> 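My questions will all concern the structure given below.
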Amino acid sequence: MRFSTFFYTIKQGLKSIWRNKMFSLASIATMTACIFLFGLFFIIVVNFQSMVKEAESGVAVTVLFDEGITEEKIEEIGGLIRARVEVSRIEYTSPEEAWESFKDVYFNGNEAVAESFANDNPLANSASYSIYMNDISMQKTLVTYLNSIEGIRQVNQSETVANTLSDFNTLIGYISAGIILILLGVAIFLISNTIMVGISVRKEEIAIMKLIGATDYIVRAPFVVEGVVIGLIGAAIPLGILYVLYGEIVVYIGENFSFIGSMMQFLTVEQVFETLLPIGMILGVGIGYLGSHITTRKHLRV
Amino acid sequence: MISLEHVSKSYAAGIPALNDVNIEIEDGEFVFIVGDSGSGKSTLIKLLLKELDPTEGNISVNGHLLNKMKRRHVPKFRRNIGVVFQDFRLLEDRNVYENVAFAQRVIGESTRAIKKNAPAMLSMVGLAAKYRSFPKQLSGGEQQRVAIARALINEPHILLADEPTGNLDNNNAWETMKLLEEINAKGTTVIVVTHNMEIVKAMNKRVITISKGVVVSDEKGGAGDEV
C-alpha cells in the first residue's frame with residue numbers, strides 16, 4: 001500500500017469525525033464515561049488487592065522440628081522450603097530467641113523466676129521457621145508438602161484467614177471481570193452506532209467508491225480510523241482526569257485523614273498508572289477498532 | 001468484448017427483469033440500449049458491473065466470466081468500466097478537481113500520478129478553468145462532463161452511461177453525446193442507456209431495444225423500435 005493511500009484513509013477518518021461532530025462527541029463522551037468507570041474500578045481493585053496482599057504477607061505458617069534435631073538438618077529443611085515457588089521469605093527462630101520472647105511476655109515483673117530457667121531452656125525443642133507466602137491460596141499445598149518433610153514435628157497454620165483472603169481475592173476478580181465485560185459491550189455498541197451514522201452520511205460516496213473499483217480496505221479503513229481515534233480520545237480524557245484526581249485524593253487523605261493513612265497503604269499514582277495507562281489505552285483503541293471493524297464488515301461489502 | 005448468453009435475472013417477486021438475453025458487443029463499439037422504464041435496462045447495467053448476478057446464463061466482460069468471479073476480484077474488474085449516471089452523482093462537498101482525483105485516490109494511485117492525470121482529464125472535457133468550482137456552481141452539462149472525466153480517469157475499456165442526457169437541456173445533451181463519441185473514437189467501448197430517441201436516431205449507431213426484459217431488436221445503424 002502506498003503512503004499516499006495510507007494518509008488518505010487517515011485523513012478521511014478524521015474528516016468523518018469532524019463531519020459527524022455531534023455523534024462523534026457523543027461517542028467520545030460515552031467512551032470517556034466507560035473508561036472513567038473502568039479506571040475508577042481498577043484503582044479501587046488494585047488498591048484493595050494491594051491491601052489484601054499486605055495482609056496476606058503477614059500470615060505465616062510455622063513449623064516446629066522433631067526433638068533432638070541437628071542444626072544441619074534444620075538448615076537443610078530451610079533450604080527445601082526456600083526453594084518452593086509459593087514461599088516469599090522464611091524467618092528462623094532459635095530456641096533461645098523463642099525463650100527470650102516468651103519470657104518477656106509471661107514473666108514480666110518476675111524476672112527472678114525467669115532467671116531460674118537460665119541454664120535449662122524449657123523451649124529447647126521450640127526452634128521454628130515462620131514461612132511467609134507469595135500467594136495465600138497456595139497455603140494448603142505448602143502445608144501438605146511441609147508435613148511430608150522428615151524432621152518436621154508440627155505445622156501451624158491459620159486456615160480461616162488464608163481461605164477468607166483467598167476467597168476475597170477471587171470475588172474481586174469476578175466482579176471486576178463482570179463490570180469490564182458490561183462496559184466493553186456498551187462501548188462497542190455505541191462506537192458501532194456512530195460508525196453506522198457515518199456510513200449512512202457517506203452512503204453516496206461509498207456507492208461511487210465501490211463502482212469505481214475501490215477495494216474493501218479503502219472503503220472500510222476510514223471508518224476503522226474513525227473508531228480507533230474516538231477510542232483513543234475517549235480513553236485519554238478519563239485517564240488524564242483519573243491521574244490528576246487520584247494523585248490529589250491520595251495526598252488529601254494523607255494530609256487530612258491520617259487515621260485512614262495508618263490503616264491503609266494506598267498505592268502511588270505512578271504504581272497505579274504503570275498498569276492502568278497501557279490497559280486503558282489498549283481498551284479504548286481496542287473497543288474503537290472492534291466496534292468499527294464489526295460494523296464495516298457487516299455493512300460495507302463491495 | 002462483452003457477451004451475454006441466455007442471461008435471465010429474476011428478483012424475489014418472481015417476474016423476470018431480464019429473460020433469455022443474448023448480446024455481443026465488440027471492443028470499441030458505440031451501442032445504444034433503449035427501452036421503457038422497467039424494461040430491464042438498469043438490471044442489465046448492474047449485471048455488467050457485477051452489482052448483481054444473473055439467475056441464469058453467462059456474462060463475460062473483457063475475458064472475465066462474471067458468474068465465476070470471486071468477490072475479492074470485483075474491485076479490480078470494475079476499474080475497467082467507467083460509469084456515468086443521469087444525476088451525475090458528484091460529491092457535493094468536493095470541487096471539480098477533487099471529484100476527478102477521487103476516482104484515482106480510491107484505487108490507490110500515487111499523488112504524483114493524480115496531479116498529472118486529473119488536470120489532463122479536465123482539459124479533455126473542457127473544464128480545466130473550472131477545476132476549483134463546486135458541483136453546485138456548475139451547469140448540468142458541466143456536471144455531466146465532470147462525471148465523465150471521473151469515469152475516464154482510470155482509463156477504462158468500457159464506458160457505461162445510464163441516461164447521461166436525462167437531466168440536460170438539448171444543447172448540453174448534444175455536447176455530452178459529442179464528448180462520448182470522441183471518447184469512443186479513441187477506442188473506448190461506449191454503451192449508452194437512454195430514452196432520448198431524437199439523439200439515438202441522429203447518432204446512427206447500433207441500437208439494442210429491450211422490452212419487458214427481452215431484446216426485441218438489435219440494429220446496426222438503426223433507430224431502434226419506438227419505445
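Remember, it's a predicted structure, so these values are computed and weren't measured experimentally. Order of the sequence lines sets the chain letters (A, B, ...), proteins ahead of strands, with each chain counted from 1.
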> Looking at A:Lys203, I want to see if its NZ is surrounded by more than 12 non-hydrogen atoms of other residues, nucleotides or ligands under 6.0 Å.
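No - once you tally the heavy atoms of other residues, nucleotides and ligands closer than 6.0 Å, there are 12 at most.
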> Is the CD atom of A:Glu248 crowded by more than 12 outside heavy atoms at less than 6.0 Å?
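For A:Glu248, atom CD is not crowded (no more than 12 foreign heavy atoms under 6.0 Å).
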> Go through A:Asp216 and B:Arg71 one step at a time and tell me if the side chain to side chain contact (heavy atoms under 4.5 Å, CB included) criterion holds.
CA-CA 10 Å; A:Asp216 275 348; B:Arg71 211 178 64 81; 3.0 Å; yes
> B:Arg78 versus A:Lys210: any side-chain heavy-atom pair under 4.5 Å?
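Sidechains of A:Lys210 and B:Arg78: in contact.
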> For atom CD of B:Gln137, decide whether the heavy atoms of other residues, nucleotides or ligands shown that lie under 6.0 angstrom number more than 12.
yes
> Near B:Phe77 CZ, under 6.0 Å, is it more than 12 heavy atoms from other residues, nucleotides or ligands?
yes
> Using a cut-off of 6.0 Å, state whether more than 12 heavy atoms not belonging to B:Phe134 lie near its atom CZ.
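More than 12 within 6.0 Å, yes.
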> Can you tell me if NE2 on B:His64 sees more than 12 non-hydrogen neighbours from other groups inside 6.0 Å?
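Atom NE2 in B:His64 is packed in, count exceeds 12.
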> Of all heavy-atom pairs between A:Ala214 and B:Pro75, which one has the smallest distance, and what is that distance?
O-CB, 3.6 Å
> Please find the pair of heavy atoms, one from A:Thr215 and one from B:Arg79, that lie closest to each other, and give the distance.
CG2-NH2, 3.5 Å
> Can you tell me how far the CG atom of A:Leu211 sits from the CZ atom of B:Phe85, to the nearest 0.5 Å?
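Taking CG in A:Leu211 and CZ in B:Phe85, the distance rounds to 4.5 Å.
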> Stepwise, does the side chain to side chain contact (heavy atoms under 4.5 Å, CB included) test hold for A:Ile208 with B:Arg150?
CA-CA 10 Å; A:Ile208 294 165; B:Arg150 184 182 66 189; 3.8 Å; yes
> Give the interface residues of residues 91-128 of chain B toward chain A, defined by a heavy-atom separation under 4.5 Å.
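Within residues 91-128 of chain B, the residues under 4.5 Å from chain A are B:Leu91, B:Asp93, B:Arg94, B:Phe102, B:Ala103, B:Arg105, B:Val106, B:Ile107, B:Gly108, B:Glu109, B:Ser110, B:Thr111.
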> Which pairs pass side chain to side chain donor-acceptor pair (under 3.5 Å) with one or both residues in residues 26-48 of chain A, sequence neighbours excluded?
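For residues 26-48 of chain A, and leaving out neighbouring residues, the side chain to side chain donor-acceptor pair (under 3.5 Å) pairs sorted by first residue read A:Ser27-A:Thr194, A:Asn47-A:Tyr246.
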> Are more than 12 heavy atoms from other residues, nucleotides or ligands located less than 6.0 Å from atom CD of B:Glu155?
no
